[in-house]
Number of protein chains: 2
Amino acid sequence: MADDNVDFVGSKEVMSYVLAVTTQFNKGSDEVVLKARGRAISRAVDAAEIVRNRFLQNVEILDITTKTEELEEEEGGTSNVSAIMITLGEK
Amino acid sequence: MADDNVDFVGSKEVMSYVLAVTTQFNKGSDEVVLKARGRAISRAVDAAEIVRNRFLQNVEILDITTKTEELEEEEGGTSNVSAIMITLGEK
């Protein structure tokens, strides 16, 4: 899948991610992946649920996976953060 | 699956949910489900990742599903909240 089908969910308002995903499907993408880390994970789930329930009834969640990523701290050392990948696709 | 294999993740420290899941597997459960709503979703993912990476290497994430639940507001009316169910099981 091309990288332009991946949306990174951060601290913006959830509807901006809903709009991004919806736009990508409307431009012809078959699949769109939402990626998020840490506290933005909840927002990624919200965005996926809103897309499939309210905007694109022909889209469903195909797969959800999680992993642990290692972040380098500015002051040295590393910390672990959870990440989620939600794959949305047409039914 | 019996209800005592379900842990509801709320606002406690993540390690309390890690301990709950680990204890259930050590008592003989084959599967444990973490459920969370709203902002606790990130914490449920953290707990699942910590269990499988640090505490129980023979446990993996079998399934992750999400849904939208309708909450009744105290002042009347309803609001929607996203929920996640993470099923952990032995490899």
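Quick caveat, the model's predicted, so the values are computed rather than measured. Order of the sequence lines sets the chain letters (A, B, ...), proteins ahead of strands, with each chain counted from 1.
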Kindly check if the number of other-residue, nucleotide or ligand heavy atoms within 6.0 Å of [atom1] ([X]) is above 12?
{"X": "B/Lys91", "atom1": "NZ", "value": "yes"}
{"X": "A/Glu74", "atom1": "CD", "value": "no"}
{"X": "A/Glu72", "atom1": "CD", "value": "no"}

Mind listing the closest non-hydrogen atom pair of B/Ala83 and A/Val45 along with its distance?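 In this case the closest contact between B/Ala83 and A/Val45 is O-CG1, 4.5 Å.
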For A/Ser42 and B/Gly38, work out which heavy atoms get closest and say how close.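 Distance-wise, the nearest heavy atoms are OG-O, 3.3 Å.
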What part of B/Asp46 is in contact with chain A, defined as an atom under 4.5 angstrom from a non-hydrogen atom: side chain, backbone, both or neither?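 Both backbone and side chain of B/Asp46 come within 4.5 Å of chain A.
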Is B/Ile64 close to chain A through its backbone or its side chain, or both, or neither, when contacts mean heavy atoms under 4.5 Å?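 When you check distances to chain A, atoms from both the backbone and side chain of B/Ile64 fall under 4.5 Å.
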Report whether [X] and [Y] are members of the same hydrophobic cluster (ILVMFWY, side-chain heavy atoms less than 4.5 Å apart, transitive linking).
{"X": "A/Leu62", "Y": "A/Val33", "value": "no"}
{"X": "A/Leu56", "Y": "A/Leu19", "value": "no"}
{"X": "A/Ile86", "Y": "A/Met15", "value": "yes"}

Nearest 0.5 Å, please: how far is OG1 in B/Thr65 from CD1 in A/Ile61?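 So the gap between those two atoms works out to 8.5 Å.
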Residue among A/Arg52, A/Arg37, A/Arg43 with most heavy-atom pairs under 4.5 Å to chain B: A/Arg52
For A/Glu49, run the side chain to side chain contact (heavy atoms under 4.5 Å, CB included) check against B/Val81, B/Asn80, B/Thr66, B/Ile84 and tell me which one passes. B/Thr66
